[in-house]
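The structure appears below as structure tokens.
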There are 2 protein chains.
Amino acid sequence: MIRQQLLMPSPEDLADFLNRHTRSRDCLVQVAGLAEVTYQGRAASTADVGTYLVVVKQDGSLQIHHPTGIKPMNWQPKTDSITARVDEDVCMLLASRRSPEELVQVVFLEPQMALALELAQAGGFVLRGSEAEMQQTLAEHPELIEPGLRVLNRELMVESGGIDLYARDAQGRYVVVELKRGRATQHAVSQLARYVRSVEGKLPAKAVVRGILAAPSITTPARLELENRGLEFREVSALPQATAAAGGPVAQPSLFD
Amino acid sequence: MIRQQLLMPSPEDLADFLNRHTRSRDCLVQVAGLAEVTYQGRAASTADVGTYLVVVKQDGSLQIHHPTGIKPMNWQPKTDSITARVDEDVCMLLASRRSPEELVQVVFLEPQMALALELAQAGGFVLRGSEAEMQQTLAEHPELIEPGLRVLNRELMVESGGIDLYARDAQGRYVVVELKRGRATQHAVSQLARYVRSVEGKLPAKAVVRGILAAPSITTPARLELENRGLEFREVSALPQATAAAGGPVAQPSLFD
DNA sequence: CGTGCCAGGTGCCAT
DNA sequence: ATGGCACTTGGCACG
């Protein structure tokens, strides 16, 4: 499972190690030690000499971590080429990609450890509580939004974007539903209003189009703007324990009952 | 620099190792091997048994990586508690936080390697080309947006959000400028329109308020909506090579000349 | 704290 | 490739 490990490798050994294991594309490679990092692309950055952890995964993705924080200090989601070479008696790692043209360069001043790991066995991964799941549940049970609602489309594309749920209510009025898995903000209200306008533009002039924002909660400014625009809010939770955690008796049926 | 390393540790040894080194808060801890991972919080997930790399940084942040991709499979940006314990002859890692209430649980079925690294030396980090930098440059050189422009405020807060640059033009008209460091989208147009409306609402009824979207480029739909709404686009680049890379002679002075 | 918004956002999926 | 958008977004700044 440990393919290879080097302690305090020489620049040449490290470059060999990196080139060999990143090219084989079958193991996760990391180097820890004193280094300098520069990046140039959509933005540009420089990291002074410090101790960092460089990780290159099988797919060529690169991340460079400093001691704290969830996000890497520098990274490269996809690389067109990863190359190590020795220059002026230090090992350098160059990770580049086109489109956008970006380059991350690591200068290993004092590499302490290099490690190649096989992470061979892949396991299935399932995420629940996404907006996609919410959408599916509500498409199958539109009564959770409102009695008598009939869903006509999911992800209906209009000029201004995609409408999560397009429906008609018990009175035959068209309804645009915008879903949010988390607290709805002004951004969601903007989206909903845009979609309602788009739909109104496509229907006969007098047609009434309702807009419903369906989310577990909504920010106060969003609620105000929503009401100003004559749009509606409907509370729906993305996960079962979300309502349970709220403490009180569930005010409405959970999507997961 | 390698504080400690274990190969194929027993559940007890691994639990000790994790508890000791995560509590000391002075090194980066990782475990690689066969494991199962579950997460419950804002959403919920399960990862079947597979080979993963678990990383706990000094600040208690947790990330669990699968063999590919820049993003961790599971993570926890901040943890209120990280604890390892042996249960039914396997080592389990529990990382929890409140607000939001979230729990990541790792069951180490076959830990292959555990490693504690000191990343002691911190180096300075500088990022260039951010929107904040753009804003500063344009506030100091508003003529890059338009001759005769005078900036009144930066980050002026109005009801609907913060206006990047608030200015008056050569004719004395008020100007709302929205900046984007990358290609501007419909979202940016919505923002700009909201801010212009807010400003119009605060000024005497007949006051003309211009809205300018300043960005290196703009999507076609955004451009259409911008023009529909009577707003304007101004090309500005966030980085010097952005215009240079564009190839032709620079159509306007770079922010970095 | 909530609210808003940038980010080298990344990733997914549509045309 | 362009475009729109969700994301356990994360992160910061500000009322």
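Residue numbers start from 1 in every chain, and the chains themselves are labelled A, B, ... in the order their sequence lines are given, proteins ahead of strands.
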If I take atom CD in residue B:Q186 and atom P in nucleotide D:dA6, what distance separates them, rounded to the nearest angstrom? 13 Å

Residues forming a side chain to side chain donor-acceptor pair (under 3.5 Å) with B:Q105, sequence neighbours excluded: none

For A:Q135 and D:dC7, what is the distance between atoms CD and P respectively, to the nearest whole Å? 10 Å

Please give, in whole Å, the distance from D:dG11 P to B:F125 CZ? 14 Å

Ring pair (Phe, Tyr, Trp, His ring centres under 6.0 Å) against A:H66, all qualifying residues, sequence neighbours excluded: none

Using the P atoms only, state how far D:dT8 lies from D:dG4, rounded to an integer number of Å. 22 Å

Please lay out, stage by stage, how B:V176 and B:V209 fare under the test side-chain contact (heavy atoms from CB on, under 4.5 Å). CA-CA 7 Å; B:V176 173; B:V209 179; 4.0 Å; yes

Identify, with sequence neighbours excluded, every residue that meets side chain to side chain donor-acceptor pair (under 3.5 Å) alongside B:S45. B:N74

Expressed as a whole number of Å, how far does the P atom of C:dG4 sit from that of C:dG8? 22 Å

Think B:R194 has a side-chain N or O under 4.0 angstrom from the OP1 or OP2 of C:dC5? yes

Closer than 4.0 Å, any side-chain N/O of B:Y195 to the OP1 or OP2 of C:dG4? no

What pairs meet the salt bridge (charged side-chain N to carboxylate O under 4.0 Å, His left out) rule with one or both residues in residues 222-233 of chain B, with sequence neighbours excluded? B:R210-B:E232, B:R223-B:E227, B:E225-B:R229

Could you pull out all residues at least two apart from A:A122 that satisfy side chain to side chain contact (heavy atoms under 4.5 Å, CB included)? none

How many whole angstroms separate atom NE2 of B:H187 from atom P of D:dC5? 10 Å

For B:R194, which residues count as a salt bridge (charged side-chain N to carboxylate O under 4.0 Å, His left out) partner, sequence neighbours excluded? none

Salt bridge (charged side-chain N to carboxylate O under 4.0 Å, His left out) partners of B:R154, counting only residues at least two apart: none

Between B:G161 and A:V104, which has a closest nucleotide on DNA chain C that is more 5'? B:G161

Sugar-phosphate, base or nothing in reach of A:E101, heavy atoms under 4.0 Å: nothing

B:T219 vs B:S45, nearer the 5' end of DNA chain D by closest nucleotide: B:T219

Distance in angstrom units between A:L127 CG and D:dT8 C1', rounded: 7 Å

What's the separation between atom CG in B:L231 and atom CG in B:L226, rounded to the nearest 0.5 Å? 5.0 Å

Near DNA chain D, counting only heavy atoms under 4.0 Å, which residues of residues 221-233 of chain B show up? B:P221

Output the distance between atom CG (A:L149) and atom CG (A:L165), rounded to the nearest 0.5 Å. 8.5 Å

Does the protein touch nucleotides 9-15 of chain C at the base, only the backbone, or not at all? Give it as B, S and - per nucleotide, heavy atoms under 4.0 Å. SSS----

A:Q191 CD to C:dG4 C1': how many Å, rounded? 15 Å

Please classify the nucleic acid contact of A:T220 as base, sugar-phosphate, or nothing, using heavy-atom distances under 4.0 Å. sugar-phosphate

What integer distance in Å separates B:I163:CD1 from C:dG4:P? 15 Å

Length of the CG-C1' vector between A:D164 and D:dA6, whole Å: 10 Å

Please work out if A:E178 contacts a base, only the sugar-phosphate, or nothing of the nucleic acid, heavy-atom cut-off 4.0 Å. sugar-phosphate

Result for 5'-nearest mapping on DNA chain D, choosing between B:T185 and B:N74, is B:T185

